Amino acid sequence: MLNLRIALLLGLSLCLLSACGAGTTGIRSFENITQITANSIQTCILYEEGVACWGKALPSNAMVPTRMENLSNPFFIASGYSISCALDDNGVTCFAGWDKDGFADAIPAGIRNPTKLALGKDHHCILDDSGVVCWGNNDHGQSTVPANLLNPTDVTVGPRHTCALDDTGVVCWGGNEDGERTVPDSLSNPVVISAGGGDKNLVSGGYTCALDDNGIQCWGSNRSGESTIPNNISNPITVAAGKNHTCAIDDNGPICWGKNNFGQTRAPANLSNPKLLAVGTEHTCAVDDTGYHCWGEDDFGKLGNPQTIEEGLALKARLSNPGITRLSMGDSYTCARDDDGGFCWTDIRENFPTALNTFPTDIKNPVSIANGNQHSCALDEQGGVSCWGYDFWSENAVPLGLSNPTALTSGSNRSCALDDNGVICWVGGDFQLDPTPQGIINPTAIDIGGWRSCTLDDSGVSCWNGWGSLEVPSNISNPTAISVGSYHSCTLDDDGVTCWGDGENGSTEKTTAGGRFEHAQSTVPSGLKNPRLVSAGDTHTCALDDNGVTCWGGNLYKQSNVPSSLSNPVSVFAGDKDTCAVDDSGVVCWGKDLCWGIICPRATECSGASC
């Protein structure tokens, strides 16, 4: 995304604690930062002792700046769309990102003394003794290096084009959909070049910027104003192009322009002598005399915000407490209860309300916690109910007059409680949104999943949705617990675990007429021994029995791959695309979104795209 030609030795002392994960070393201080890079999921720095990174697709998705091991004297780093690599004594070494091993296998043979590296989404270039060498996608000629380059000194890549800096100035080749390789004749002695651009998948719409004797010039796509240079730039010293925003450093510090949907162009005003700059997909970073500073989108913890790091480390310590007695999983966020009360953590993404992180202060000793898609509710020992988070449909408007509520559940954009009057559900002020089936007598348990609700009562199991009652198997005998997923339901009864709904035909995966996937989440495996807990997720199901935890059904994100390291698990909770259990060591999770943008709990297995 960015090649910087300005290096500054800065003495920093950022005292950060160690991160989780193997193969890395937590950083306590940084000395002499010479480079900072950013992409869609990570931020990395090159400093006196090596390379440190934070964000996604690192060992354990480290939010704490963490040293990358197995590098031998790195001297240059580069970040592409979702990968980060270094030039070191071994040539090119990739240490973070998706399919970094496959990337390394694709590097052309015969690279001699490389000095610069430029990484894109699906094509990449390197500068060595022979000049510029490019490889990868070449559908627009972006990897076909012109033969007439004269002593090239730098190279940069956009989504479908490439530019180099040589004795003649700036030379670009490849796609020209928006004029991104049409170099202006007015360039005078360019010294910095940076290419960027792209739609949401970074596959089209490129642009290029250069710093020359006249200041900054940009050409190519301008859908978000990324190529429109502000008229108040004074003596710029560098420029960097991102996906659809651009930044420079001038006499007044960092200045950015273009798209600002995550605040990526709102540079801090109080930086002290900034000299290094990195522009990611939707976030920006700078290094000044006091350390690094990042702003914009903070998914996967790629901003490395020190305050958030401290909060994350405190959360990680709290999650290591085996005294957690309750856990409720929503859509990439989770709430729990321990001896100190309730607490929540969530993915740091623009579309999630920050209020989801804040457990209500009026709920002192929660006896029940329930998470919906983007809202949560809790019930305390005194019978008080509070809801918080997303409130578009008035999900948080708890009805007045609840009488001694004993159970609580949330799903999608609604919640239900059991009280002296039976089943009470609410959303948008309509307290009976889903018509409760007639004949429910003395309900003792209730659960919501997707758009269906189920209860246990004197007659057994009753389920319904907004269109009326749902069929329940006739062979359920003395059910004692109920758990409802998006499209299936499960009970504990005299026969162990009974499930019904999508996937009950035992197929591994198929597409239904409605476009859903069936994953055999309702096909209970044989061999469960005295099951005492069942949890239905989106497309998978888990149970706790004498042998520990068993999961079945959907496994696209390895949410059904139970880690062998579980030690005396006491509970298990199936979520949307992940699973968590509580064992002797506290909270253990596997599947997708393990770290929820914060410090991960003791995460075990996850899919390649999530790690």
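No experiment lies behind these values; they were computed from the predicted model shown.
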Q: Is it true that a side-chain atom of Asp457 and a backbone atom of Ile441 form a donor plus acceptor pair closer than 3.5 Å?
A: yes

Q: Which residues pass the side-chain contact (heavy atoms from CB on, under 4.5 Å) test with Ser415, not counting sequence neighbours?
A: His375, Cys377, Ser410, Trp426

Q: Does the side chain of Lys364 reach to within under 4.5 Å of the side chain of Asp380, using non-hydrogen atoms?
A: no

Q: Determine the minimum heavy-atom distance between Cys551 and Trp590, stating which atoms define it.
A: SG-CZ2, 4.3 Å

Q: What is the distance from atom CD1 of Ile446 to atom SG of Cys454, rounded to the nearest 0.5 Å?
A: 9.0 Å

Q: With heavy-atom distances below 4.5 Å as the criterion, would you say the side chains of Thr265 and Lys259 are in contact?
A: no

Q: Ignoring hydrogens and angles, state whether a donor on the side chain of Gln374 or Asn371 is under 3.5 Å from an acceptor on the partner side chain.
A: no

Q: For the pair Asp583 (side chain) and Pro569 (backbone), establish whether a donor and an acceptor sit closer than 3.5 Å, ignoring hydrogens and angles.
A: no

Q: Looking at Lys558 and Asn555, would you say the former's side chain and the latter's main chain have a donor-acceptor pair under 3.5 Å?
A: no

Q: Under a 4.5 Å cut-off applied to non-hydrogen side-chain atoms, are Thr550 and Leu528 in contact?
A: yes

Q: Is the backbone of Tyr557 close enough, under 3.5 Å, to the side chain of Gln559 for a donor and an acceptor to pair up by distance?
A: yes

Q: Contact between Val461 and Thr491 at the side-chain level, heavy atoms closer than 4.5 Å - yes or no?
A: yes

Q: Can you find a side-chain donor-acceptor pair between Asp584 and Asn568 that sits under 3.5 Å?
A: yes

Q: Using every non-hydrogen atom in the two residues, find where Ser522 and His488 come nearest and quote the distance to one decimal.
A: OG-CB, 3.3 Å

Q: Between atom CG of Asp576 and atom NE2 of His540, what is the distance when rounded to the nearest 0.5 Å?
A: 9.0 Å

Q: When you measure from the side chain of Lys302 to the backbone N and O of Trp54, does any donor-acceptor pair fall under 3.5 Å?
A: no

Q: Sequence neighbours excluded, which residues qualify as side chain to side chain donor-acceptor pair (under 3.5 Å) partners of Ser412?
A: none

Q: Apply salt bridge (Lys or Arg N to Asp or Glu O under 4.0 Å) to the pair Arg318 and Asp338, showing each step before the final yes or no.
A: CA-CA 9 Å; Arg318 196 169 184 181; Asp338 62 10; 2.7 Å; yes

Q: Under the rule for side chain to side chain donor-acceptor pair (under 3.5 Å), what residues qualify as partners of Asp546, not counting sequence neighbours?
A: Asn530, Arg532

Q: Taking atom types as modelled, is there a side-chain donor on Thr455 or Ser462 under 3.5 Å from an acceptor on the other?
A: no

Q: Go through the structure and list residues passing side-chain contact (heavy atoms from CB on, under 4.5 Å) with Glu381, not counting sequence neighbours.
A: Asn365, Val367

Q: Cut-off 3.5 Å, side chains only: do Ser403 and Asn421 have a donor facing an acceptor?
A: no

Q: Do you know the tightest heavy-atom contact between Arg266 and Trp295?
A: O-CD1, 3.4 Å

Q: Any donor-acceptor pair under 3.5 Å linking the side chain of Arg452 with the backbone of Tyr487?
A: yes

Q: Are Thr409 and Asp447 side-chain neighbours, meaning at least one heavy-atom pair lies under 4.5 Å?
A: yes

Q: Nearest 0.5 Å please: distance from the SG atom of Cys387 over to the CG atom of Leu408.
A: 6.5 Å

Q: When you compare the side chain of Ile363 with that of Ser386, does any pair of heavy atoms fall below 4.5 Å?
A: yes

Q: Excluding sequence neighbours, so at least two apart, what forms side chain to side chain donor-acceptor pair (under 3.5 Å) with Ser477?
A: Asp494

Q: Show your working on side chain to side chain contact (heavy atoms under 4.5 Å, CB included) between Leu470 and Trp500 and close with a plain yes or no.
A: CA-CA 11 Å; Leu470 298 174; Trp500 65 97; over 6 Å; no

Q: Using side-chain contact (heavy atoms from CB on, under 4.5 Å) as the criterion, list what pairs up with Ser221, not counting sequence neighbours.
A: Asp178, Tyr207, Arg223, Glu226

Q: Looking only at non-hydrogen atoms, find the nearest pair between Asp122 and Pro159 and report the distance.
A: OD1-O, 4.2 Å

Q: Going through the distances and angles, do Val484 and Ile448 end up as a side chain to side chain contact (heavy atoms under 4.5 Å, CB included)?
A: CA-CA 6 Å; Val484 183; Ile448 295 175; over 6 Å; no

Q: Please examine the side chains of Thr498 and Val524, heavy atoms only from C-beta on, and report whether any two atoms are closer than 4.5 Å.
A: no

Q: Decide yes or no on side chain to side chain contact (heavy atoms under 4.5 Å, CB included) for Val497 and Cys499, but give the supporting numbers first.
A: CA-CA 7 Å; Val497 176; Cys499 297; 3.8 Å; yes

Q: Kindly say whether Ser82 contributes a backbone atom to a donor-acceptor pair with the side chain of Trp98 at under 3.5 angstrom?
A: no

Q: So, the side chain of Ser79 versus the backbone of Ser84: is there a donor-acceptor pair under 3.5 Å, distance only?
A: no

Q: Return the minimal non-hydrogen interatomic distance between Leu533 and Val572, and the atom names on each side.
A: CD2-O, 3.4 Å

Q: Is the side chain of Ser328 donor-acceptor paired with the backbone N or O of Cys335 at a distance under 3.5 Å, no angle test?
A: no

Q: Decide yes or no for Val279 and Gln264: does some side-chain heavy atom of the first lie under 4.5 Å from some side-chain heavy atom of the second?
A: no

Q: Quick one: CD on Glu297 to OG1 on Thr284, what's the gap to the nearest 0.5 Å?
A: 11.0 Å

Q: Within this structure, what is the SG-CD1 distance for the pair Cys580 and Ile324, rounded to the nearest 0.5 Å?
A: 9.5 Å

Q: Donor-acceptor check, side chain of Ser40 to backbone of Tyr81, threshold 3.5 angstrom: yes or no?
A: yes

Q: Can you measure from CG (Asn413) to CG (Asn396) and round to the nearest 0.5 angstrom?
A: 11.0 Å

Q: For a quick test of reading the model, state the closest non-hydrogen atom pair linking Pro405 to Gly383 and the distance between them.
A: CG-O, 3.2 Å

Q: Start with the C-alpha gap between Ser453 and Arg414, add the side-chain angles, then the distance that decides, and say whether side-chain hydrogen bond (donor to acceptor under 3.5 Å, both in side chains) holds.
A: CA-CA 10 Å; Ser453 305; Arg414 69 198 194 284; 3.3 Å; yes

Q: When you look at Ser560 and Trp552, which way does the side chain to side chain contact (heavy atoms under 4.5 Å, CB included) test go after all the steps?
A: CA-CA 6 Å; Ser560 294; Trp552 61 92; 5.7 Å; no

